[in-house]
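Every heavy atom of this structure was used, including side-chain atoms; hydrogens, water molecules and symmetry mates were not. Everything numeric here is computed off the predicted structure, so don't read it as measured data.
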Amino acid sequence: MAGTSHLLILTPHSATTSSFPRRIPPFLASRRHLHSPVKPLTLRPAVCIPSPFRACAQSHQMDGSDSGSKETKRLSWMEPISRFARGNVLPLALIAAVTLGLTYPSLGCAVDKYHVSKIGPFGIFVISGLVLRSEEIGAAVEAWPVGLFGLVSILFLTPYFSRIILQVQLQPQEFITGLAIFCCMPTTLSSGVALTQLAGANSALALAMTVISNLLGILIVPFSITKFVASGVGVTLPTTQLFKSLVLTILIPLILGKVIRESFKDVADFVDRNRKLFSGISAFFLSLVPWTQVSKSRPLLLIVKPKVFLVAIGLGALLHLTLLIFNSIAVRSLSIISGGEKSTFSREENANALILVASQKTLPVMVAVIEPLCGAFGESGLLVLPCIATHLIQIILDSFLVNLMRRKNNVKVA
């Protein structure tokens with residue numbers, strides 16, 4: 001009732017009658033000479049808006065601000081998640097691939113009929129050739145002694161640790177064999193260089209070691225696996241077939257991507273402007289292989305006890321920590337032997353680049369190696385699964401190491 005009478009105060013005088021009396025505010029009682037219906041209307045809203053309408057207006061404003069604040073909060077929550085996803089495309093892609101393979105194996109098995117496991121590595125190395133800058137390789141010439149030792153460590157020294165891994169008894173044995181094969185691989189294609197850049201180390205040296213080790217790995221990896229793994233497992237490795245497979249899946253697509261980059265400047269500019277996009281595409285190609293292999297090996301994976309898988313993951317983490325310690329001791333020793341502070345090994349940016357790059361092992365080449373073996377070492381899914389976990393672990397552990405390197409550099413600068 002009162003609310004209705006208040007509404008009538010805000011309407012102009014009209015000829016219409018109302019069953020409710022008009023209420024005139026006291027401060028206007030003495031101003032009866034104002035007969036115009038317009039002026040009371042213009043005065044009253046300014047000084048005498050009834051409280052129900054003020055509350056309504058305020059409630060609308062509050063609703064609007066609340067919805068705006070909720071939207072802002074939603075965006076503020078989404079931003080860290082989006083930033084984390086953009087910065088961890090590869091680990092998230094691998095985790096999603098394994099999860100999809102375990103959850104819907106029939107889909108992965110159906111897709112595998114179209115040779116997706118071969119398309120994946122081919123696409124990865126085409127992209128590697130597209131993003132490869134020639135000038136960056138030339139910038140590493142000054143630190144060539146460090147780079148040379150890095151290649152020796154990656155291709156000849158660290159594969160010896162596979163002998164130690166094979167001494168571990170674990171069922172299924174494919175977990176151990178897969179880690180031993182992983183130990184014979186060259187360095188990672190992208191994460192080592194990316195982490196070196198974040199650490200403020202010599203990224204050109206890191207890139208040179210990455211490219212050269214993966215190219216030489218096509219020749220050396222088959223013999224390393226034959227010497228260190230196949231003999232220990234009692235398997236004869238088809239070296240010629242493996243070499244041809246690596247040439248087709250690594251060397252040819254890498255050269256193809258590099259030729260396209262050098263032949264078309266617009267393509268090179270587009271790739272350089274969208275390196276994150278191509279990193280995401282490369283992660284997608286890489287995730288195709290474990291997806292199909294885990295899908296095919298799901299019945300066996302379900303038999304594996306979680307405790308056994310955790311032990312395999314622990315061995316992978318221990319392997320990476322061992323490689324980090326080995327390369328750290330080696331570079332410090334070479335620094336002392338070759339002249340102390342004047343040695344190129346003693347320069348922090350060179351040493352950090354070598355430690356990061358020479359201690360990592362690549363998953364794509366591992367996948368390219370296992371694919372043509374046709375089960376010579378056991379189920380491919382069981383071979384790859386602990387290596388996927390180790391690949392993720394080495395990125396996580398090295399991220400912490402990079403933070404320590406950056407803090408040390410900041411202290412020195414300060």
Side-chain angles (χ1 to χ4, degrees), residues 128 131-161 183-221 224 254 258 275 319-362 365 394-395 397-414:
S128 298
V131 301
L132 180 60
R133 296 189 181 110
S134 301
E135 59 273 15
E136 290 178 338
I137 300 175
V141 173
E142 183 183 353
W144 69 267
V146 181
L148 180 61
F149 174 76
L151 294 175
V152 172
S153 176
I154 293 167
L155 297 173
F156 297 103
L157 299 180
T158 54
Y160 274 94
F161 288 94
C183 202
C184 297
M185 295 299 110
T187 188
T188 51
L189 296 166
S190 59
S191 59
V193 177
L195 290 168
T196 302
Q197 292 173 343
L198 289 174
N202 191 337
S203 58
L205 175 62
L207 182 64
M209 287 189 290
T210 299
V211 173
I212 297 173
S213 68
N214 278 275
L215 290 176
L216 293 178
I218 297 172
L219 297 171
I220 297 172
V221 164
S224 297
L254 185 66
K258 183 61 177 172
R275 295 181 80 86
L319 169 64
H320 183 60
L321 288 173
T322 304
L323 296 182
L324 284 172
I325 294 171
F326 170 77
N327 286 306
S328 298
I329 294 173
V331 74
R332 300 304 175 193
S333 302
L334 289 171
S335 174
I336 296 171
I337 295 171
S338 59
E341 295 181 357
K342 296 181 180 180
S343 171
T344 184
F345 287 93
S346 64
R347 295 180 62 179
E348 203 71 28
E349 62 271 21
N350 294 340
N352 290 342
L354 186 146
I355 292 169
L356 288 171
V357 173
S359 303
Q360 292 191 352
K361 296 297 180 179
T362 181
V365 178
Q394 67 185 8
I395 294 174
L397 292 178
D398 287 355
S399 298
F400 288 107
L401 180 60
V402 165
N403 287 333
L404 293 176
M405 291 177 177
R406 293 177 67 179
R407 289 176 185 175
K408 188 176 179 180
N409 290 337
N410 291 336
V411 170
K412 286 185 177 182
V413 171

Sub-3.5 Å donor-acceptor pair from the side chain of Asn202 to the main-chain atoms of Ala353, do we have one? no
Look only at the side chain of His320 and the backbone of Ser359, and say whether a donor-acceptor pair between them is shorter than 3.5 Å. yes
Under 3.5 Å, which donor-acceptor pairs do the side chains of residues 149-159 form with other protein atoms, sequence neighbours left out?
| residue | atom | partner | partner atom | Å |
| --- | --- | --- | --- | --- |
| Ser153 | OG | Asn327 | OD1 | 2.6 |
| Thr158 | OG1 | Ser153 | O | 2.8 |
| Thr158 | OG1 | Ile154 | O | 3.0 |
| Thr158 | OG1 | Lys361 | NZ | 2.7 |

Close side-chain approach of Asn352 and Thr196, heavy atoms under 4.5 Å: no
Which atoms form the tightest heavy-atom contact between Ser213 and Thr210, and what is the distance? OG-O, 3.2 Å
Indicate the atoms forming the closest heavy-atom contact of Met209 with Leu354, along with that distance. CE-CA, 3.9 Å
Shortest non-hydrogen pair, Ala199 vs Met405, comes out as CB-SD, 4.0 Å
Measure across Cys184 and Val221 and return the closest heavy-atom pair with its distance rounded to 0.1 Å. O-CG2, 3.6 Å
So, do Gln394 and Leu323 sit near enough that their side-chain heavy atoms are less than 4.5 Å apart? no
Report the distance from atom CD1 of Ile355 to atom CG of Leu195, rounding to the nearest 0.5 Å. 13.5 Å
Shortest non-hydrogen pair, Asn214 vs Pro186, comes out as OD1-CG, 3.6 Å
Assess the residue pair Leu324 and Asp398 against the criterion (side-chain contact (heavy atoms from CB on, under 4.5 Å)); give the C-alpha distance rounded to whole Å, side-chain angles, the decisive distance to 0.1 Å, and a yes or no. CA-CA 9 Å; Leu324 284 172; Asp398 287 355; 3.7 Å; yes
Within the side chain of Ser338, is there an N or O that forms a donor-acceptor pair under 3.5 Å with the backbone of Ser343? no
Taking ring pair (Phe, Tyr, Trp, His ring centres under 6.0 Å) as the definition, give me every residue that meets it alongside Phe345, ordered by chain and number, with sequence neighbours left out. none
Ile329: side chain to side chain contact (heavy atoms under 4.5 Å, CB included) partners, not counting sequence neighbours: Ile325, Ser333
